[in-house]
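Step one of this worksheet: look at the structure below.
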Amino acid sequence: RNKAISDTYEPGSTFKTVTLAAALRAGVGLRKTYAAPDSLRFENGELTNYGGKQYGTLSVEQAYALSVNTVFAQLALDIGMNAISQQAELFGFGSNVARDFPLPASSIYGVDEMDAYLQAWTGVGQAITLPDGRFFGPEMTPVQGAVIAAAVLNGGVVQRPFLVTSVGGELSEAAQGQRFAEEVVQLSDETTEAAEEPQSPKAEASEDSRGQLAEGEVALSADEAEQIAGCMRDVVESGTGKSAGVSGLDIGGKTGTAETDAGIDDGWFIGFAQNADKRYAVSVLVQGDESSEASQVAAQLISRLYSQA
């Protein structure tokens, strides 16, 4: 079973890239500042920073690099769920983003029924299951994460991914990269069997209701894309994704650690890598671990791709 294209998962803080994009489109600047306490309290719950940290006052750009939940929760409430939902759709949520292989649609569940608490957590990228079983918030495929990162590097233009098995009769770099990724997944499965999650019961419904994403959808202006790319570089250079850095390459990304209903964390890294000759978008999900592990796996994958030149 290829989990990268078969299932949807809670994206954690990688979804802050969608919230940031929506904020830029709504006119919020990267230098806008917010108080960054350790937690925010709502009528029916509390939203906290990872590790219970407080940061004083931060700009939006700084909060993205450090992945500060309390800032992005406030940002989400300021711009509203409609803006975030519309931006997610521009990136391909709710659609079949793949060109030639089956893929469940990534979705944001319960948008019209969210109170402030649920909106705040959605803007952070954390889905919430209420005691009555209702599920709210985002879920996405790993492929969708790569589509978002690629759109940032492509100047805001979304391209639908397709499979390539060979180039000029030789095994393609994409296929070789997939082989390496499968090795990593196999290792992860062997060492974290207890962390296995069941497939989301929402994925099938998403697939049934999806439409086709328009080829060349413009999710961002070129300027907005460049601003986000700069923020993603900050994540790798000085933020939560430093483990993803590879010498000699321009790398940007966003980390995420999603808390799941199974009681485990899923570690994410989505991002891009480029030099003068090649550009790649990557998306890594490590079940049962944190974003630091996903960043390390991303660095290994990127190194392998560029060593095949």
Problem - Closest contact, heavy atoms only, Ser39 versus Thr48 - result: CB-CG2, 3.9 Å

Problem - Nearest-0.5 Å distance that lies between atom CE in Met232 and atom CG in Asp250 - result: 11.0 Å

Practice task
Give the intermediate values and the outcome of side-chain contact (heavy atoms from CB on, under 4.5 Å) for residues Phe93 and Val147.
Solution key: CA-CA 10 Å; Phe93 276 62; Val147 168; over 6 Å; no

Exercise for the section: Please report the C-alpha distance between Gln86 and Arg25 in whole Å, then the side-chain angles of each, then the deciding distance to 0.1 Å, and finally whether the side-chain contact (heavy atoms from CB on, under 4.5 Å) criterion is met. Expected result: CA-CA 11 Å; Gln86 290 169 11; Arg25 301 204 98 191; over 6 Å; no

Fill in the blank from the handout: Between the OG1 atom in Thr122 and the CD1 atom in Ile108, the distance rounded to the nearest 0.5 Å is 7.0 Å

Handout entry: Distance, nearest 0.5 Å, that separates CD1 of Ile228 from CG of Leu220
Key = 4.5 Å

Practice task
Compute whether any side-chain donor of one residue and acceptor of the other, for Ser59 and Tyr64, lie under 3.5 angstrom apart.
Solution key: no

Practice task
Consider only side-chain heavy atoms of I, L, V, M, F, W and Y, link residues closer than 4.5 Å, and tell whether Tyr280 and Leu249 are in one cluster.
Solution key: yes

Handout entry: Single-linkage hydrophobic cluster Val18~Leu30, side-chain heavy atoms < 4.5 angstrom
Key = yes

Problem - Shortest non-hydrogen separation from Val158 to Ala219 and the atoms involved - result: CG2-CB, 3.7 Å

Exercise for the section: Would you mind reporting whether Leu130 and Leu118 have side-chain heavy atoms less than 4.5 Å apart? Expected result: yes

Exercise for the section: Identify whether Val218 and Val152 are in the same connected component of the hydrophobic contact network (ILVMFWY, side-chain heavy atoms under 4.5 Å). Expected result: no

Exercise for the section: Could you tell me whether a side-chain N or O of Asp266 sits under 3.5 Å from a main-chain N or O of Glu259, the two making a donor and an acceptor? Expected result: no

Handout entry: Heavy-atom check, side chain of Ile5 versus side chain of Pro102, under 4.5 Å
Key = no

Problem - Heavy-atom pair with the smallest gap, counting every atom of Ala146 and Ala281 - result: O-CB, 3.6 Å

Handout entry: Glu46 to Trp121 - nearest heavy-atom pair and separation
Key = O-NE1, 3.5 Å

Exercise for the section: Taking the side chain as every heavy atom from C-beta outward, state whether Leu47 and Phe42 have any pair of such atoms under 4.5 Å apart. Expected result: yes

Exercise for the section: Using atom types as modelled and distance alone, determine if a side-chain donor or acceptor of Gln159 lies under 3.5 Å from a backbone N or O of Pro161. Expected result: no

Handout entry: Contact check, side chains of Leu20 and Glu61, non-hydrogen atoms, under 4.5 Å
Key = no

Handout entry: Any side-chain heavy-atom pair of Phe272 and Arg233 under 4.5 Å
Key = yes

Handout entry: Smallest separation among heavy atoms of Arg1 and Asp7, with atom names
Key = NH2-OD1, 2.6 Å

Practice task
Would you please test Lys254 and Ser13 for side-chain contact (heavy atoms from CB on, under 4.5 Å) and show each step?
Solution key: CA-CA 7 Å; Lys254 183 68 192 80; Ser13 290; 3.7 Å; yes

Handout entry: Distance in Å, Ser95 OG paired with Leu90 CG, rounded so as to fall on 0.5 Å steps
Key = 9.5 Å

Problem - Pair Ser221, Glu224: side-chain N/O donor-acceptor within cut-off below 3.5 Å - result: yes

Exercise for the section: Determine, using the 4.5 Å side-chain heavy-atom cutoff (strictly less than), whether Leu77 and Ile128 are members of one ILVMFWY cluster. Expected result: yes

Problem - Residue Glu43 excluded, over 12 heavy atoms near CD under 6.0 Å - result: no

Can you give me every donor-acceptor pair (side chain of residues 235-244, partner residue at least two apart or in another chain, under 3.5 Å) with its distance?
unit_1 : atom_1 : unit_2 : atom_2 : d
Ser238 : OG     : Asp234 : O      : 3.2
Thr240 : OG1    : Thr255 : OG1    : 2.5

Practice task
Taking Ser283 for its side chain and Pro142 for its backbone only, find out whether a donor-acceptor pair lies under 3.5 Å.
Solution key: yes

Exercise for the section: Hey, could you give me each pair passing side chain to side chain donor-acceptor pair (under 3.5 Å) that has a residue in residues 68-80? Not counting sequence neighbours. Expected result: Lys16-Asn69, Tyr34-Asp78, Asn49-Thr70

Fill in the blank from the handout: Scanning both residues in full, the closest heavy-atom pair of Phe162 with Phe101 reads CA-CE2, 4.2 Å

Completion exercise
Value for OH (Tyr55) from CD (Gln62), rounded to nearest 0.5 Å, stands at 11.5 Å

Problem - Heavy-atom donor-acceptor pair, Thr19 side chain to Gly123 backbone, under 3.5 Å - result: yes

Problem - Any donor-acceptor N/O pair, Ser307 side chain to Arg304 backbone, under 3.5 Å - result: yes

Handout entry: pair Phe91-Met140: side-chain heavy atoms closer than 4.5 Å
Key = no

Practice task
Verify side-chain contact (heavy atoms from CB on, under 4.5 Å) between Tyr306 and Val246, making sure each step is shown before the conclusion.
Solution key: CA-CA 10 Å; Tyr306 280 92; Val246 177; over 6 Å; no

Practice task
For Asp112, look at atom CG and say whether over 12 heavy atoms of other residues, nucleotides or ligands are found less than 6.0 Å away.
Solution key: no

Exercise for the section: Examine Ile264 and Tyr50 and state if one hydrophobic cluster contains both, with Ile, Leu, Val, Met, Phe, Trp and Tyr joined whenever side-chain heavy atoms are less than 4.5 Å apart. Expected result: no

Handout entry: Inter-residue atom distance Ile251.CD1 - Gln274.CD, 0.5 Å rounding
Key = 10.0 Å

Handout entry: Under 3.5 Å donor-acceptor, Ser107 side chain and Tyr109 backbone
Key = no

Practice task
Report yes if the side chains of Gln296 and Asp289 come closer than 4.5 Å at any heavy-atom pair, otherwise no.
Solution key: no

